[in-house]
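Only heavy atoms go into these numbers, but all of them, side chains included; no hydrogens, no water, no symmetry mates. Here the structure is a predicted model, which is why all the values come from computation and not from measurement.
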Amino acid sequence: MKLSFDLEVDVNGEEIFFVNKEKLCSFSGKLNKLLSKAPVTSVTKPLKVIFNDLPGGAEAFELLIRFCYNNGRIQITPNNTCLLYFIAQSMEVTEEEVHSSDSLIKQTEKAVESISYWSLPEVLISLKQCQNYFQLSESSGILDKVIDSLVARITTASDTSPSASSPDSSFFRISFDTKSNISTKNSHRRAWWFDDLVILNIEMIDRVIGRMISLKLEHNKISKFLFYYLKCKLSSASDEKRMVTETVIDLLYSLDKNSVSCKGLFDILRISSSQNLSGSCRERLENMIGSQIDQATLDSLLISSPTRTESLYDVNILLRFLRHFLACGGRTSLDRLKKVASLLDLYMAEVAPDVYLKHSKFVALITALPDTARDSHDSLYRAIDMYLVVHNRLTEAEKMKICCSINYAKLSLQSCKHLAQNPKFPPRTAVQALLSQQSKLKGLLQDSNNFKSFDSEQKQSKDGDQTLLYGKKLDPDPLMENEKLKAHLKGMQWRVIELEKACRKMQNQMAKMVKSKTSSPTCSRPLPRLCS
């Protein structure tokens, strides 16, 4: 039977098809309804139908034509299952219009049920088709089945499984520019599925990663993929870089923080500085960095200030990192706390010479961590000394506010001597430092006297033919130890004498200062007790 081509169909502007109206209308409810309302025209001039945004485009419509011209039969393969389903849904190829036992929709749904037998490239093709028509695939449930099949293969296969990734899927692999700032130092260790998934858009990645998390795939692998994915997307010419960055940050935030690279987070922070991220997204990024700032390096922390009118480095963001660190349990681990304190001391040594660094910001830096974070305050003293050299116009009150953060008991003798002779520090701080050292040496002397008392008791016990055991084995040569102890005590006594001399000297200097300012009401208060 000869068929006439009395219908012209324009599909999305991609291609024009000349088909038999009756043949297609017998299967497509949508065409049947549309053409039944059309006015009667000349027999020589075919009707024309224009479809815009038809799911599957010209490729899917051509499959529909084959289905209709073959009386409702077509070979359904993994590569065309999704396209046939989309076109059947859109063109309303339902059970009432077909001449077979099952509608095209039911046939494609049955084909999807056997997705476990599809190869990986076939699953990836179907996933790409679902991505192009996201809403339709999501509402139908096909998207979830395809994602589940893909993630199941990833979770069960090894990282370098040769059978998991077929060479046929290599056409998905895209070559990206490697000029991105995201670190890919360990890119040679990436899993086989990284390149297969990097072609997906961020909306689809969000769904796939969410499914991976629910199936408990290792968070370390997921975070590596997200860094790799962001690097590839930022290297390509995309107008959605901000949306991609924000989604990746949100996904990383949902992972175990220990599985996320601290260096990678700093890379994201740098590249996102020009993307105007939302406040909540930036807060999450800073929270992740702050929670593991003990793994950072000094170079990572030296972030340029966002405005030229302020200090050279962005001190505010470091303070936010430290607040997040303490809020995330940083106080509970003394080792981590001390590591952060060492890093902060290095940072302060770098920013202290900045003439634009405000007094309030420097005070916030030196008081950001609790006193238990440092065993020694020598580095803190050096940073303060450097700051006072550059900022020589500070008032005495401002200087005292800075110096109050120093724990003089944690200063070495050398630092105390330097402070006592340092004209940049207020006189009261020098007195406090010397008094602290004096009390420390007196404590050592007291301990030494206790040791002497213990030695005397031991001798008396020996004379009475009694043997007392005190925890440890006695030294085989007690005379030598006593000589060493005497020498040590003499050294400490000499240090005490030196400190007392320094105290008296400072007392005389302060007395002269008071006499020269007897007219000032602020000088009427009594001098502190320097030495006992």
Would you give me the side-chain donor-acceptor pairs under 3.5 Å for residues 364-373, sequence neighbours excluded?
| from | atom 1 | to | atom 2 | distance (Å) |
| --- | --- | --- | --- | --- |
| Thr367 | OG1 | Val363 | O | 2.7 |
| Asp371 | OD1 | His377 | NE2 | 3.4 |
| Asp371 | OD1 | Asn407 | ND2 | 3.3 |
| Asp371 | OD2 | Asn407 | ND2 | 3.2 |
| Asp371 | OD2 | Lys410 | NZ | 3.1 |

Side-chain donor/acceptor pairs under 3.5 Å, residues 251-259, sequence neighbours excluded:
| from | atom 1 | to | atom 2 | distance (Å) |
| --- | --- | --- | --- | --- |
| Ser254 | OG | Leu251 | O | 2.5 |
| Asp256 | OD1 | Asn258 | N | 3.3 |
| Ser259 | OG | Asp256 | O | 2.6 |

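Between Phe225 and Tyr229, the two ring planes are tilted [angle within 30° to 60°].
Shown here are the side-chain hydrogen bond (donor to acceptor under 3.5 Å, both in side chains) partners of Asp299, two or more places apart in sequence or in another chain: there are none. Taking the side chain to side chain contact (heavy atoms under 4.5 Å, CB included) definition, one finds that Met386 meets it with Ala352, Pro353, sequence neighbours left out. Looking at residues two or more places apart in sequence or on another chain, you find a side chain to side chain contact (heavy atoms under 4.5 Å, CB included) between Thr77 and Gln75, Asn79, Asn80. With sequence neighbours excluded, the residues forming a side-chain hydrogen bond (donor to acceptor under 3.5 Å, both in side chains) with Thr245 are Gln275, listed by chain and number. The side chain to side chain contact (heavy atoms under 4.5 Å, CB included) test applied to Gln295 returns Cys262, Gln292, not counting sequence neighbours. Asp375 meets the salt bridge (charged side-chain N to carboxylate O under 4.0 Å, His left out) test with Lys338; sequence neighbours excluded. The side chain to side chain contact (heavy atoms under 4.5 Å, CB included) check on Gln131 picks up Lys128, Leu200, Asn201, Met204, with sequence neighbours excluded. In this structure Tyr133 satisfies the ring pair (Phe, Tyr, Trp, His ring centres under 6.0 Å) test together with Phe86, sequence neighbours excluded.
With hydrogens and angles disregarded, no donor-acceptor distance shorter than 3.5 Å links the side chain of Ser28 to the backbone of Val93.
Paired with Lys145 under the rule salt bridge (charged side-chain N to carboxylate O under 4.0 Å, His left out), one option of Glu113, Glu109, Glu138 passes, and it is Glu113.
Taking a cutoff of 4.0 Å between a charged side-chain nitrogen and a carboxylate oxygen, Arg320 and Glu283 do not qualify as a salt bridge. Under 4.0 Å is where a charged nitrogen must lie from a carboxylate oxygen, and between Arg270 and Asp267 at least one such pair does.
Neither side chain, Arg282 nor Ser278, offers a donor N or O lying under 3.5 Å from an acceptor on the other.
Screening residues 339-355 for side chain to side chain donor-acceptor pair (under 3.5 Å), with sequence neighbours left out, gives Asp345-Arg374. For the side chain to side chain donor-acceptor pair (under 3.5 Å) condition, no pair includes a residue of residues 47-61, sequence neighbours left out.
For Glu22, the CD atom sits in a loose shell: 12 or fewer heavy atoms of surrounding residues, nucleotides or ligands are nearer than 6.0 Å.
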